[in-house]
Amino acid sequence: TDHYHCCMRLCVLLCISIMVLSCSEPELQVSNWNPISVDSTIKKNSTTEEIIKPYRDLIDDEMNRVLVNSDTIIYKESPESPLGNLIADLSFERAAKECADKTLPSPDLCLLNFGGLRVNLPKGKVLVRKVFELMPFENELVMVKLSPDSLNSLINYLAQVGGQPISNMRIDIGQKENVRTIRVGGKKINPNKNYLVVTTDYLANGGDQMSFFRSPISRTDLDVKLRDAILDHFEKTGKTGHSLNPVIDGRLQIRE
């Protein structure tokens, strides 16, 4: 019995000790740190460099590949510019080809935005790298069917913002945003027709305040990135021995 009570006392003392220790304040751990500047003063790791170098060389070779030559600097400005016309036209043409391949109805027009075109194209050699600078986003081409009311909102939007890149469409806007003439595919606009508009997924989702795209009659994703459409067009143009030379043709006029 004495041995039993002795053991019990030891167990109680042990439990009390554990409870006391567990209730004590934890010891604060102090960490010392110093900021490290990530800049050119950091020495390169030779092993890492050996692994990365072949891939970097491949990427550099591809990014520095010449696609096509340009006869002049291709710039953007509103209401109409060579760069806006070039990208809108090649987008419309690529969408029309994709629709034909997929046995879809042909598009009627194209609308893009100046904000999506980030840089001008230089005179002379146009590299793959420059196309990535021009279009750094992963935007894809889509086709939306707009009702007459939505198309009218699109036209009013162009008048209000002072123009955006368009293709297969001509608009003459007079004073006080008064739209004087509109032609799509060389024909006067039909007030009772639903029109198929090529644009990007960003704009089709209402980007750049294009709210008229948010509730289309239908929407078709063409599974082509705008950047890829640009790359393909430039490369094809270069391989056929032609240069880029887009012009302003009066497709969108805003009269003071």
Enclosure of Ile248 CD1 (heavy-atom neighbours >12, cutoff 6.0 Å):
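Counting other residues, nucleotides and ligands, CD1 of Ile248 exceeds 12 neighbours.
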Above 12 or not: heavy atoms from other molecules or residues under 6.0 Å from CD of Glu133?
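Yes, because the 6.0 Å sphere around CD of Glu133 holds more than 12 heavy atoms from other groups.
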side-chain hydrogen bond (donor to acceptor under 3.5 Å, both in side chains) between Asn205 and Arg214: does it pass, once the steps are laid out?
CA-CA 6 Å; Asn205 292 332; Arg214 288 178 183 161; over 6 Å; no
What heavy-atom pair brings [X] and [Y] nearest, and what distance separates the two atoms?
| X | Y | result |
| --- | --- | --- |
| Ile254 | Gly163 | CD1-N, 4.1 Å |
| Ala95 | Leu222 | CB-CD1, 3.6 Å |
| Ile173 | Ala159 | CD1-CA, 3.5 Å |

May I have all residue pairs that pass salt bridge (charged side-chain N to carboxylate O under 4.0 Å, His left out) and include part of [range], sequence neighbours excluded?
| range | value |
| --- | --- |
| residues 155-165 | none |
| residues 225-234 | Arg94-Asp232, Glu138-Lys225, Glu138-Arg227, Glu140-Lys225 |
| residues 157-172 | Asp172-Arg255 |

Would you mind reporting whether [Y] and [X] have side-chain heavy atoms less than 4.5 Å apart?
| X | Y | answer |
| --- | --- | --- |
| Glu62 | Arg129 | no |
| Leu90 | Ile230 | yes |
| Ile217 | Leu146 | no |
| Leu109 | Ile166 | no |
| Met169 | Ile155 | yes |
| Thr72 | Asn245 | yes |
| Pro165 | Asn85 | no |
| Val247 | Pro82 | no |

Please name all residues satisfying salt bridge (charged side-chain N to carboxylate O under 4.0 Å, His left out) with [X], sequence neighbours left out, ordered by chain then number.
| X | value |
| --- | --- |
| Arg219 | Asp221 |
| Lys125 | none |
| Glu77 | none |
| Asp71 | none |

Can you tell me how far apart [atom1] ([X]) and [atom2] ([Y]) are? Round to the nearest 0.5 Å.
| X | Y | atom1 | atom2 | answer |
| --- | --- | --- | --- | --- |
| Lys145 | Asn194 | NZ | CG | 6.0 Å |
| Ser91 | Leu111 | OG | CG | 10.5 Å |
| Leu86 | Ser70 | CG | OG | 8.5 Å |
| Ser106 | Leu196 | OG | CG | 8.5 Å |

Among Thr199, Asp201, Val142, whose side chain to side chain contact (heavy atoms under 4.5 Å, CB included) with Phe213 holds?
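Among Thr199, Asp201, Val142, the one that satisfies the side chain to side chain contact (heavy atoms under 4.5 Å, CB included) with Phe213 is Thr199.
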Does [X] reach the main-chain N or O of [Y] with its side chain, forming a donor-acceptor pair under 3.5 Å?
| X | Y | result |
| --- | --- | --- |
| Asn168 | Asp108 | yes |
| Asn152 | Pro148 | no |
| Thr240 | Thr237 | yes |
| Gln164 | Phe114 | yes |
| Thr103 | Cys99 | no |
| Glu80 | Gln253 | no |
| Tyr195 | Asn190 | yes |

Going by the rule side chain to side chain contact (heavy atoms under 4.5 Å, CB included), which residues pair with Ser167 if we only count those two or more places apart in sequence or in a different chain?
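Side chain to side chain contact (heavy atoms under 4.5 Å, CB included) check on Ser167 returns Ala88, Asp89, Phe92, Cys110, Arg251.
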Which residues pass the side chain to side chain contact (heavy atoms under 4.5 Å, CB included) test with Lys102, not counting sequence neighbours?
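Once residues adjacent in sequence are excluded, the partners of Lys102 under the side chain to side chain contact (heavy atoms under 4.5 Å, CB included) criterion are Glu98, Leu104.
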Step by step, would you call Arg65 with Asp61 a salt bridge (Lys or Arg N to Asp or Glu O under 4.0 Å)?
CA-CA 6 Å; Arg65 184 165 61 88; Asp61 288 344; over 6 Å; no
Output all residues satisfying ring-ring contact (aromatic ring centres under 6.0 Å, His included) with Tyr157, sequence neighbours left out; order by chain, then residue number.
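Per chain and number, Tyr157 pairs via ring-ring contact (aromatic ring centres under 6.0 Å, His included) with Phe212.
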When you group the ILVMFWY residues by side-chain heavy-atom contacts below 4.5 Å and let the links chain together, are [Y] and [X] in the same group?
| X | Y | value |
| --- | --- | --- |
| Leu231 | Leu134 | yes |
| Tyr75 | Ile87 | no |
| Leu203 | Leu158 | yes |
| Val68 | Leu226 | yes |
| Val161 | Val197 | yes |

Which donor-acceptor pairs under 3.5 Å do side chains of residues 116-123 form with protein atoms, sequence neighbours excluded?
unit_1 : atom_1 : unit_2 : atom_2 : d
Arg118 : NH1    : Gly115 : O      : 2.7
Asn120 : OD1    : Lys76  : N      : 3.2

Applying ring pair (Phe, Tyr, Trp, His ring centres under 6.0 Å), which residue pairs with at least one partner in residues 218-245 are found, sequence neighbours left out?
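As it turns out, there is no ring pair (Phe, Tyr, Trp, His ring centres under 6.0 Å) pair with a partner in residues 218-245 once direct neighbours are skipped.
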Walk me through it: do Ile189 and Leu151 pass the test side chain to side chain contact (heavy atoms under 4.5 Å, CB included)?
CA-CA 10 Å; Ile189 193 169; Leu151 184 68; 3.1 Å; yes
Take Thr200 and Leu112, measure what side chain to side chain contact (heavy atoms under 4.5 Å, CB included) needs, and give me the verdict at the end.
CA-CA 7 Å; Thr200 65; Leu112 301 178; 3.8 Å; yes
From CA spacing to verdict: side chain to side chain contact (heavy atoms under 4.5 Å, CB included), Val126, Asn69
CA-CA 6 Å; Val126 179; Asn69 285 302; over 6 Å; no
